[in-house]
Amino acid sequence: MNQEAQAAVPIITIEQAGAHAGGTVTIRGWLYNLRESGKLLFPIFRDGTGIMQGVVSQKEHLEVFGALKGLPQESSVIATGAIRAEARAPGGFEMGVSAIEVVQRVADAEPYPIQLKEHGVDFLLDRRHLWIRTPRQAAILRIRAEAERAARNFMDAQGYTLTDAPIFTPAACEGTTTLFEVNYIDEQKAYLTQSGQLYVEALAAALGKVYTFGPTFRAEKSKTRRHLTEFWMLEPEAAYAHLEDMIQLAEGLVSAVVQSVVKNRTRELEMIERDVASLQKIKPPFPRITYDDAIKVLQKAGNPTKWGDDFGGDEETIISKEFDRPVVIHRYPAAMKAFYMATDAARPELSLSFDMIAPEGYGEIIGGGERLADYDTLVRRLREHNLPEESFQWYLDLRRYGSVPHAGFGLGLERTVAWICGTEHIREVIPFPRMLYRVYP
RNA sequence: UCCCCGGUAGCUCAAUGGUAGAGCAUUCGGCUGUUAACCGAAGGGUUGCUAGUUCGAAUCUAGCCCGGGGAGCCA
């Protein structure tokens, strides 16, 4: 091909290939796999948007054949050729490769470690920087991006302003869980945030309806498929809002995220073989059950949980299996919730709190409720929880100066996306998972 | 922190007290429509580490290291 003709060839992405059937194009990517059949080669290219098979015959393109033959997996290549519909090719289209440029050839002595077959979790996590190249992982990360975009769009459309809470905090937000301590300036200690909750309350009093969306850190020694030490949380908070408002907002948010993924990431959901029918059902209102009734459901199922006990994974699974949509459990006993949770005036032993449990055993994806607005009660609670009052003076100011009823919640992004994707573990839905005993790569 | 499971070739696994194996990957050869291609050949091992039992240990015992799942805690 001469220079002039080459300049006219459009550079496209693989997902656009169907629109160029019959034409000659250039794709830039990596060699995903190479099958050889005598004097025919079948290179499979990937470029991040999809994979496409190429075909090269030795007779027709001797030079291209020689460049591709024996080329190791994941070598980077720029391929040019005619696109045509081909039923025998994965994806339905293939490229008759007429020119190839090997950008970087992977060394034969150090072949690409991740093969197109089953691997163990430990091996893959140690090579997460390469693992994300596999089509399944790439599809999951695209679904995550869509979920984030949909969540922001929904919150913005509801009149909530995105505000960013600090990552460094002077002390515990909730006091109960373990914090990551870091050296701040001049011998000072600071902690990585475990929730933007307290700050978002201040922002709600300033802007009305707000939310934060950012990373959260928990130094809990939790080793389960539902835990990360670093995860992303979306936390709305609204002044003059009550429990009911937040439950409705949570239903709307989760539904909007799921439906947006179903609509805009259909191909990715198919790629990871997710049952889309079960996602299409996710529309408000969601089933609701009080803590009192949840206890009855559990006891009926033979579970030994009694009133006053918190729910573990088993209990959540029993309750969520009763429904085909996320279920809202509300009005937990006040004793088991955080110090800032408001109590039910009709029954002071109950908090105006709610959790949303995802279907299919993915656990709690949302926790929230109405906050205590009264200064004296809040101070008493701080003391009951043995929290350092001096650290919370700024927070108490919110009750000194124009305190109002307000409510909010936190949505765990990874648990939500793991449920939408149907992954075994939430570590697959974040690019570089940080877990107990694993911070590499 | 506690409970359970695991660690054998680069990878996935087999071998349950008696010569350490297969598939994939790698190297070489063959094949004009392959679909994680296939066929033939070759190279590749301190069986996580240490000590013990035994004529003999991948296998049994103890301790340690590393990883996974779960509990507690939480999104």
Side-chain angles (χ1 to χ4, degrees), chain A residues 32-44 51-60 65 70 72-73 86-92 94 96 106-127 134-136 173-179 194-197 215-235 250 254 309-317 336-338 355-358 362-368 409-419 424-427 429-430 435-438 440:
Chain A
Y32 175 67
N33 194 17
L34 179 66
R35 287 190 282 267
E36 304 187 28
S37 180
K39 293 178 174 56
L40 273 186
L41 293 179
F42 295 96
I44 314 283
I51 62 170
M52 184 170 66
Q53 172 171 295
V55 61
V56 188
S57 87
Q58 187 176 33
K59 203 169 89 184
E60 290 169 35
F65 188 91
Q73 189 190 355
E86 170 55 68
R88 289 170 292 187
E94 74 175 13
V106 171
D108 291 324
E110 286 184 286
Y112 187 67
I114 299 179
Q115 300 173 35
L116 297 136
K117 62 165 204 165
E118 299 272 330
H119 288 285
V121 166
D122 190 39
F123 178 82
L124 289 171
L125 284 173
D126 280 342
R127 293 158 184 79
T134 63
R136 177 183 165 81
C173 282
E174 307 189 13
T176 51
T177 46
T178 329
L179 292 158
Q194 60 181 350
S195 167
Q197 156 81 48
T216 299
F217 308 87
R218 303 268 168 99
E220 296 155 4
K221 298 209 170 175
S222 301
K223 286 184 71 168
T224 84
R225 73 188 71 188
R226 301 186 308 277
H227 286 89
L228 297 169
T229 53
E230 176 184 311
F231 64 98
W232 283 62
M233 190 152 67
L234 188 154
E235 300 181 274
V254 170
D309 292 343
D310 206 347
F311 300 153
D314 287 350
E315 289 74 31
E316 287 176 356
T317 303
M336 70 174 63
K337 288 291 175 183
D355 286 352
M356 187 183 289
I357 313 295
Y362 284 91
E364 186 184 335
I365 54 173
I366 284 178
F409 62 83
L411 172 134
L413 178 69
E414 286 77 13
R415 285 187 185 177
T416 305
V417 176
W419 158 54
E424 178 70 19
H425 196 297
I426 65 170
R427 65 187 159 215
V429 308
I430 186 166
M435 305 185 293
L436 189 62
Y437 309 134
R438 190 180 284 283
Y440 179 92

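Naming: A, B, ... by sequence-line order, numbering from 1 per chain. Keep in mind that the numbers below use all heavy atoms, side chains included, and drop hydrogens, waters and symmetry copies.
Annotation: B:G48 and B:A75 have their P atoms spaced 41 Å apart (nearest Å). For the P atom pair drawn from B:G18 and B:C24, the interatomic distance equals 28 Å after rounding to whole Å. As rounded to the nearest Å, B:U8 and B:C4 have C1' atoms that lie 22 Å from one another. The same atom, C1', is picked in B:U34 and in B:G43; the two are 28 Å apart, to the nearest Å. A distance of about 9 Å separates the C1' atoms of B:U26 and B:G44, rounded to the whole Å. Comparing the C1' positions of B:A9 and B:U47 gives a spacing of 10 Å, expressed to the nearest Å. For the C1' atoms, the distance from B:G69 to B:A20 is 30 Å, rounded to whole Å. For the P atoms, the distance from B:C3 to B:C64 is 12 Å, rounded to whole Å.
Partners of A:R438 according to the side-chain hydrogen bond (donor to acceptor under 3.5 Å, both in side chains) rule, which considers only residues two or more places apart in sequence or in another chain, are A:D122, A:D126.
Atom CZ of residue A:F65 and atom CG of residue A:L40 lie 7.5 Å apart, to the nearest 0.5 angstrom.
Using modelled atom types, one side-chain atom of A:E235 and one backbone atom of A:G196 make a donor-acceptor pair closer than 3.5 Å. When atom types are taken as modelled, the side chain of A:E414 and the backbone of A:W232 share a donor-acceptor pair closer than 3.5 angstrom. Looking at A:T224, its side chain does come within 3.5 Å of a backbone N or O of A:R226 through a donor-acceptor pair.
Remark: A:R35, A:E36, A:S37, A:G38, A:K39, A:L40, A:F42 in residues 34-44 of chain A come within less than 4.0 Å of RNA chain B through at least one heavy atom.
Among the heavy atoms of the strands lying under 4.0 Å from A:E364 are primed sugar atoms or P, OP1, OP2 only; no base atom is included. No contact: A:D355 has no heavy atom under 4.0 Å from any strand. Note on A:P113: nothing from the nucleic acid sits closer than 4.0 angstrom, heavy atoms only. As judged by a 4.0 angstrom heavy-atom cut-off over every strand, A:I114 is placed among residues making no nucleic acid contact. Here A:Y112 lies out of heavy-atom contact (under 4.0 Å) with every strand.
Ranking B:A75, B:C74, B:C11 by closeness to the A:I426 side chain, first place goes to B:A75. Taking only side-chain atoms of A:R218, from C-beta outward, the nucleotide of B:U26, B:C11, B:A75 with the closest atom is B:A75. The side chain of A:T224 lies closest to B:G70, out of B:G70, B:G68, B:A75. Listed candidates were B:U32, B:U1, B:G68. Nearest to the side chain of A:S57 is B:U32. Taking every side-chain heavy atom of A:E86 into account, B:G33 is the closest of B:C74, B:C11, B:G33. In the set B:A75, B:G72, B:A25, B:A25 carries the atom at the smallest distance from any side-chain atom of A:P111. Listed nucleotides B:C74, B:G68, B:C11 differ in distance to A:R415; the shortest reach to its side chain belongs to B:C74. Considering only the side chain of A:Q53, B:G33 comes nearest among B:G67, B:U1, B:G33. The A:K221 side chain lies nearest to B:U1 when the options are B:C11, B:G33, B:U1.
We find that CZ of A:F123 is positioned 13 Å from C1' of B:A9, with the value rounded to whole Å. Atom C1' of nucleotide B:C73 and atom CZ of A:F311 are separated by 16 Å, given to the nearest angstrom. Summarising the geometry, the separation between CZ on A:R226 and C1' on B:G68 is reported as 15 Å, rounded to the nearest angstrom. Note: CG (A:D122) to P (B:C11) measures 10 Å, nearest angstrom. Atom CG of A:D126 is separated from atom P of B:G48 by 18 Å (rounded to the nearest Å). One interatomic measurement links the two molecules: CD of A:E315 to P of B:A71, which rounds to 9 Å at whole-angstrom precision.
Note on A:R427: a side-chain N or O is less than 4.0 Å away from OP1 or OP2 of B:G69. Proximity of A:H119 to the phosphate of B:G10: no side-chain N or O atom is located under 4.0 Å from OP1 or OP2.
Taking only distance into account, the side chain of A:E94 meets the base of B:G33 through a donor-acceptor pair shorter than 3.5 Å. You won't find any donor-acceptor pair under 3.5 Å spanning the side chain of A:R438 and the base of B:C66, going by distance alone. For A:S222 and B:C74, a side-chain-to-base donor-acceptor distance below 3.5 Å is absent, hydrogens and geometry of angles not being considered.
Note on A:R415 versus A:E364: no salt bridge recorded, every NZ/NE/NH1/NH2 to OD/OE distance being 4.0 Å or above.
Residues A:W232 and A:P72 both approach RNA chain B. Their nearest nucleotides, taken by heavy-atom distance, put A:P72 toward the 5′ side.
Where RNA chain B pairs in unbroken runs of 3 or more (Watson-Crick or G-U, both distances under 3.5 Å), the stems are B:1-7 with B:65-71, B:10-13 with B:21-24, B:26-30 with B:38-42, B:48-52 with B:60-64.
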